[in-house]
Number of protein chains: 2
Amino acid sequence: MPATVSEKTIGRLSLYRRLLYELRSAGEENLYSHQLAQMAGVTAAQVRRDLMSIGYSGSPTRGYDVRELGESIGRFLDSPIDQGVALVGVGNLGRAIMAFFAGRRPHLRIVAAFDTDPYKVNRVIQGVRCYSLEQMPQVVESEGIQVGILAVPAVAAQGAADTLVRAGVRGLLNFAPVPLRVAPDIYVEDIDMTMSLEKVAYFARQRATQKELQTW
Amino acid sequence: MPATVSEKTIGRLSLYRRLLYELRSAGEENLYSHQLAQMAGVTAAQVRRDLMSIGYSGSPTRGYDVRELGESIGRFLDSPIDQGVALVGVGNLGRAIMAFFAGRRPHLRIVAAFDTDPYKVNRVIQGVRCYSLEQMPQVVESEGIQVGILAVPAVAAQGAADTLVRAGVRGLLNFAPVPLRVAPDIYVEDIDMTMSLEKVAYFARQRATQKELQTW
DNA sequence: GTAACGCTGTGAATAATTTCACAGAATAAT
DNA sequence: ATTATTCTGTGAAATTATTCACAGCGTTAC
Ligand SMILES: NC(=O)c1ccc[n+]([C@@H]2O[C@H](COP(=O)([O-])OP(=O)(O)OC[C@H]3O[C@@H](n4cnc5c(N)ncnc54)[C@H](O)[C@@H]3O)[C@@H](O)[C@H]2O)c1
Ligand SMILES: NC(=O)c1ccc[n+]([C@@H]2O[C@H](COP(=O)([O-])OP(=O)(O)OC[C@H]3O[C@@H](n4cnc5c(N)ncnc54)[C@H](O)[C@@H]3O)[C@@H](O)[C@H]2O)c1
């Protein structure tokens, strides 16, 4: 069991757990590494290697217990106490995100939203209260929020990140197409849709071209 | 100049180009690898290594020409002819995406949307016509679409992917939290917000804990 | 019993990615 | 001119991530 677990492994564990949850709903009780691997789109060795890091062991004959493994990943990934999330920027994307996460994982839910638009402040959207920026330090403090989602325009992203971090947030999910400058002990995950779409366009084109050249 | 360029490098090149474009708007004409690196949040060696793959050379004394380098990345990344994109699923997320990409890069724009909801079909949203699923093969064919964005509910994602691929699409940007099963010559990029948020929550917590234990 | 099977857990090998470190080059200063 | 400076481009090294390959085990079949 390694001291630190890589970012990639954490991501895959999250995926495995979701797949296990679906299997459990479907009534499955056991599965082998190669089955989970096929569902997750990775190799069986990868699955077993990832599971080493949480210290869960399967049986050579039955494989893994769907319920136990799911719970084991949960104990590893989730906080023992519920983690509240703050969303900054209640625009088109922000509202879609609120709708998406509403009523999902209770361990990790959006508990407060922030926006500069006075029309949005004090409204309740998807069951979540929208506050003004001035209220952020107080709300983040009182709710014990450690995670922030940035869905503000690019120009406002760095400022919003600074305010969140000053208020006590330790991790950021950033949708603004701007690399954030934060202290090295703050974790930032960027979701850069423009970059992702350009990647898809590049490789789609490349594969199409390769296909044409396929003469062997 | 390597025969194939890694996915990660393609992603960073997309980012570099955006940063260069901003610099150009700000009137900058030259910059060094360490400056671009700092803006992109990577090392200078990484920038130089990435630029090797597109075969653009800078000057040891002036660094890189902002305009030339941007154009050079464009020639490498972009298709010589405009690439149209199809969006499937005009819900909360789909509409936010349409708003976001509307009027951005003309090389790579959403030219058609698809939805099963008869209320949405034949409407024009953000300048983009919404079609029924039955029209997909015909529209994808006539528009020469190679790239698809999936913003449909999880249960509909695999079916929508299959329909897109059958119609001729070679690359997919998938927002549904479901690993897609497609032919190996189809490129898929997943944006899994649940996984990303869980990663942030995990590392935010871990860093916070480390800070507490910081006794050295 | 015990032999055969097909899995897991994991050291070792391999592959991919990043960083180091420095020769070579363009310029500026003298 | 010559020297000093500070960068780029790139082999080589280091690091990180993935895959191979197999010993060992629980189960089943006979
Ligand atoms: N819409 C998308 O699908 C999409 C896709 C990729 C990236 N993004 C990025 O996500 C961000 C939000 O996009 P959007 O489409 O929701 O934009 P939007 O304009 O619809 O919403 C932005 C919201 O942020 C609020 N805001 C502005 N400044 C603020 C500040 N300083 N503090 C708090 N709130 C502030 C605005 O009042 C508005 O409600 C942008 O950075 C955009 O580039 C959006
Ligand atoms: N909203 C978010 O911020 C968010 C975040 C992460 C992931 N997602 C994922 O993105 C997807 C869409 O999310 P959403 O919030 O926009 O959902 P939504 O319910 O608002 O929209 C889904 C849209 O897809 C259409 N649709 C349903 N079946 C279809 C089919 N077979 N073909 C074409 N269109 C079909 C519906 O009519 C609807 O317009 C979901 O898979 C969701 O899990 C959304």
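Keep in mind that the numbers below use all heavy atoms, side chains included, and drop hydrogens, waters and symmetry copies. Numbers restart at 1 for each chain; the letters A, B, ... are given by sequence-line order, proteins then strands.
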Below 4.0 angstrom from OP1 or OP2 of [N], is there any side-chain N or O of [X]?
X: A/Y64; N: C/dG9; answer: yes
X: A/R62; N: D/dT27; answer: yes
X: A/S57; N: C/dG9; answer: yes

If I compare all heavy atoms of A/V111 with all of A/G84, which pair ends up nearest, and what's the gap?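 Nearest pair, atom of A/V111 first, then A/G84: CG2-CA, 3.9 Å.
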Give me the atom names and distance for the closest heavy-atom approach of A/A157 to A/L150.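 Scanning both residues, the minimum pair turns out to be O-CD1, 4.0 Å.
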Side chain to side chain contact (heavy atoms under 4.5 Å, CB included) for A/I97 and A/I110? Distances and angles first, verdict last. CA-CA 9 Å; A/I97 290 171; A/I110 298 176; 4.1 Å; yes
Return the value, rounded to whole Å, for the distance between atom [atom1] of [X] and atom [atom2] of [N].
X: B/I54; N: D/dT8; atom1: CD1; atom2: P; answer: 14 Å
X: B/N30; N: D/dT6; atom1: CG; atom2: P; answer: 18 Å
X: B/R12; N: C/dA16; atom1: CZ; atom2: P; answer: 15 Å
X: B/L69; N: D/dT8; atom1: CG; atom2: P; answer: 11 Å
X: A/D50; N: D/dT16; atom1: CG; atom2: P; answer: 17 Å
X: B/D65; N: D/dC7; atom1: CG; atom2: P; answer: 18 Å
X: B/Y32; N: D/dT8; atom1: OH; atom2: C1'; answer: 11 Å

Does either side chain, that of A/E7 or that of A/Y187, offer a donor lying less than 3.5 Å from an acceptor on the other one?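 A/Y187 and A/E7 do have a side-chain donor-acceptor pair below 3.5 Å.
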Under 3.5 Å, is there a donor on one side chain and an acceptor on the other for B/E68 and B/Y64?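 No, no side-chain donor-acceptor pair sits under 3.5 Å.
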Does any residue of residues 33-49 of chain B have a heavy atom under 4.0 Å from DNA chain D, and if so, which ones, in number order?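 The answer is B/S33, B/H34, B/R48, B/R49.
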Nucleotide nearest B/S6 when distance is taken to its side chain, options C/dT10, C/dT17, D/dT27: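 Selected nucleotide: C/dT17.
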Between B/R170 and B/D185, does at least one N-O distance fall below 4.0 Å, as a salt bridge requires?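 A salt bridge links B/R170 with B/D185.
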Select from A/P60 and A/K8 the residue whose nearest nucleotide in DNA chain D is closer to the 5' end of that strand.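 With A/P60 and A/K8 compared, the 5'-side residue is A/K8.
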Hunt down the Watson-Crick or G-U wobble partner of D/dG24, both distances under 3.5 Å, from any strand shown, or write none.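 By the stated definition (distances under 3.5 Å), C/dC7 pairs with D/dG24.
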Using atom types as modelled and distance alone, determine if a side-chain donor or acceptor of A/R205 lies under 3.5 Å from a backbone N or O of B/L77.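 At least one qualifying donor-acceptor pair exists.
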